[in-house]
Amino acid sequence: MNTAVRMSGVTKTFGKMRAVDDLELEVPRGGLYGFIGPNGAGKTTSIRMIMSILFPDSGEIAVLGHPSALEAKDRIGYLPEERGLYRKMKVGPFLRYVARLKGVDGPDLDGRISGWLERVGLDGVERKRCDELSKGMSQKVQFVSALIHQPDLLILDEPFSGLDPVSMRMLRDLILDEHRRGATILFSTHVMPQAEEICEHVIMVHKGRKVLDESLTAIRNRFDPRAVQFEPLVPGTRTAALRSIPEVEGVTPGEKGVEIILREGSDPAAVMRRIMDAVPAARIELSRPRLEDVFVQLVTDGASDDDAEHLRAELQDAETTGATA
Amino acid sequence: MKRILRIALRDFVAIAMTKGFIFGLLVMPGMFGLMIVLAPVLFDDGNFQVEGEYAVIDPTGAVFPAMNATLDSGAVAERRREQFQRLLEDNPALAGTPDVVRNVASAAAEQAMVAELGPAPNVRLVERPPDADVEAEKAWLNEESDGLRHTALIVIHDNAVEAPGPDAELGSYDLFVAPNLDERDLDFIHSSVREAIIDARVARQTMDRDAIEAILRVSRPASTTITADAEQRTFSGLNMLLPIAFMMLLFIGIMTGGGTMLTSMIEEKSSRVVEVLLSAVSPMELMAGKLLGSVAISLVTMALYIGLGLLALASFAMFGLLDPWLIVYLMIFFLIGFFVIGSLMLAIGAAVNEVSEAQQLQTPLVLIVMLPWLLWLPISRDPNSALAIAASFIPPINSFGMVLRMTSTQPPPYWQVWLSIAVGAASVVGAVWVAAKVFRIGLLMYGKPPNLKTMLRWVRQA
């Protein structure tokens, strides 16, 4: 009963394409999970199956203790990837309609709607027609529609796409507030730094298959960090001395200072002490493994460097698109 | 169920409260009313005047003088008075004409007569020699004329007035006319020549035309229809009007609800709001809600039109001629037709992305709904023919077929009506089942619209 979402051996094909392949995942109640992977990895299909909008070809899904989300829809908040509002409907009636479909009614509904709109910085838009809203405003209204009934489980599919940085931060804070309230959160994104910033735990998928399912801390520990960012105390100091440290494999110039790559198996703490002895430091920092690097490492294991570079470029493209969309 | 009703209510309000819907709802009765008011003005041919110059080749020597007498202005006026008098007697609509008009000698009557029959004809007859060359005379029809247009060349047969022998038949006449001659000119020429030939024949037999006319004239009384609780003047058009009116109601009901549902579904899909709805309700609840919302739209439309129809019947004191049970059956068959056609239209709406894409898939359904219009006349005339019986049992046109038969002069036995209802109910289950499968898959399918084959595959898959 402590599991909010469980998928066991779930497979879904569209024609000849296997969108989701034998997927296993489990999100505990109260968890804040990121569901990440590049475009076309099977995230949206999986989420739609969790929501009982699509049905798997095989495998089982349980949501909030029920064999189908249909039995718990009033307790689930869902923000689909494709944003949609009734163009000619006013914001107030739209939110009232969605809230009532979710089983929220009564005299305090209007107050609840105004309160939420105020929280997302849209106070007073109740009387505006949905087609009069900007893209960002529409997205916030839809975000409110997913949260209006105070769900136990919040599923967000690419929640930040198309948002400016200020709105993005506002929604991120709201998601964290909901998490603090006790809601389980599962959100998908193809922009991995977003997941890195918010999530406690990451489920990574690629071509319909799960490639990683671990907490961020565990990921950071497991994917051995071998890079140290170093900035000398006196700018312009020669860093040649660093190369003479036996555990240092290489030194490359970075944006500020240099990036020092450690030899495999070396103890970062000990090496960092030696570095500071060799050249006084203004800043020295062990590089955390980025999810993107982890992902590339996982899916290109055994593949050529070209393949890895290609995948990395693809992810960076997606990131840029995600940030500017 | 609460969610289904919420969806139905939203759809109903979103459609029924739009200016377009209200305008569309009122435009038909409005146009009907306007036509009733304007038709007499628009279709009034009272100002048409028969004009022209007729050349006559009369070898009998008796028809031309008779024609001259027939077309003599005095004779024409007399005939018109008689015609008008008969019109007053026969036409109940003119029953309220003031007495002064009935007195055809008065000036007011002359005016009323011109208004009713149009201006008197302006025709000049030209006699040609009995042995004139017909071919040469034909050219005269296309000759330019300063005065009246050369309209007709009438060639009376030798034996038109008197048969050459005791067993021989009487002849007639040949008529050649100028191009683009109005039908009413043609009618006038035929009736004038006919009158003249009859006059000549009667004169040759030394008989009295008026006496013969008097013998032949039997006035046709208006019949009275006796119903269980009243008797009223028979409205002969009702038997023809009732089936077409009921079929139109059925058609309007199904197409109004089905059409609005299709467009609202496409709008929800193209604006991507459908996925938001699916996060709150199941696809089946969504479909049921949309069907209920649209059926309510159709019921409002039909209630308005049926109400106006009953009002019209009541105002013409013909209310008693309509069996109220027919309306009950109409509603049952409407619901059957709506849920069969409507659910399939909804499935099409869910499967496509734009209205233009829906048109192609919708065509077979529209053709099916149009089929009863072709069957209307044969079924109304012979409601127990094999065609009529088949049409009233084969879904999805059985609703139309049975309603046509029930409103005809020979309604089918009740077991057939209920069998058709049972067939209809089964077809509703089948259509909703198929539609639900297409609906569920189609809702989230974007991109290339499916064809019929793809949709059938969805039905097998889902």
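In this text the structure is predicted, and so the values were computed from the model without any measurement.
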Fill in: salt bridge (charged side-chain N to carboxylate O under 4.0 Å, His left out) contacts in which one or both residues fall within residues 290-302 of chain B, not counting sequence neighbours
B:D11-B:K290, B:E268-B:K290
Worksheet entry | Under 4.5 Å from a heavy atom of chain B, the part of A:L85 involved | backbone
Worksheet item: Does A:D105 come within less than 4.0 Å of B:K2, counting only side-chain N to carboxylate O?
Response: no
Item to complete: Using a 4.5 Å cut-off on heavy atoms from C-beta on, say whether the side chain of A:Y97 contacts that of B:L9.
Response: no
Worksheet item: Less than 4.5 Å apart, any side-chain heavy atom of A:R87 and any of B:S270?
Response: yes
Fill in: CG-CG distance between B:L278 and A:L70, expressed to the nearest 0.5 angstrom
9.5 Å
Discussion item. Are B:V273 and A:F94 packed together at the side-chain level, in the sense that at least one heavy-atom pair is separated by less than 4.5 angstrom?
Written reply: yes
Discussion item. I want to check something: taking the side chain as every heavy atom from C-beta on, are A:D74 and B:R3 in contact at a cut-off of under 4.5 Å?
Written reply: yes
Worksheet item: Do B:E275 and A:D157 have side-chain heavy atoms sitting under 4.5 Å apart?
Response: no
Worksheet item: Are B:S279 and A:I76 side-chain neighbours, meaning at least one heavy-atom pair lies under 4.5 Å?
Response: no
Worksheet entry | Heavy-atom side-chain proximity of B:R10 to A:M89 below 4.5 angstrom | yes
Practice prompt. Report the option among A:F14, A:Y86, A:F55, A:Y78 that has the most heavy-atom pairs separated by less than 4.5 Å from atoms of chain B.
Written response: A:Y86
Practice prompt. Give every residue pair that meets the ring pair (Phe, Tyr, Trp, His ring centres under 6.0 Å) criterion with at least one member in residues 248-303 of chain B, sequence neighbours excluded.
Written response: B:F251-B:W373
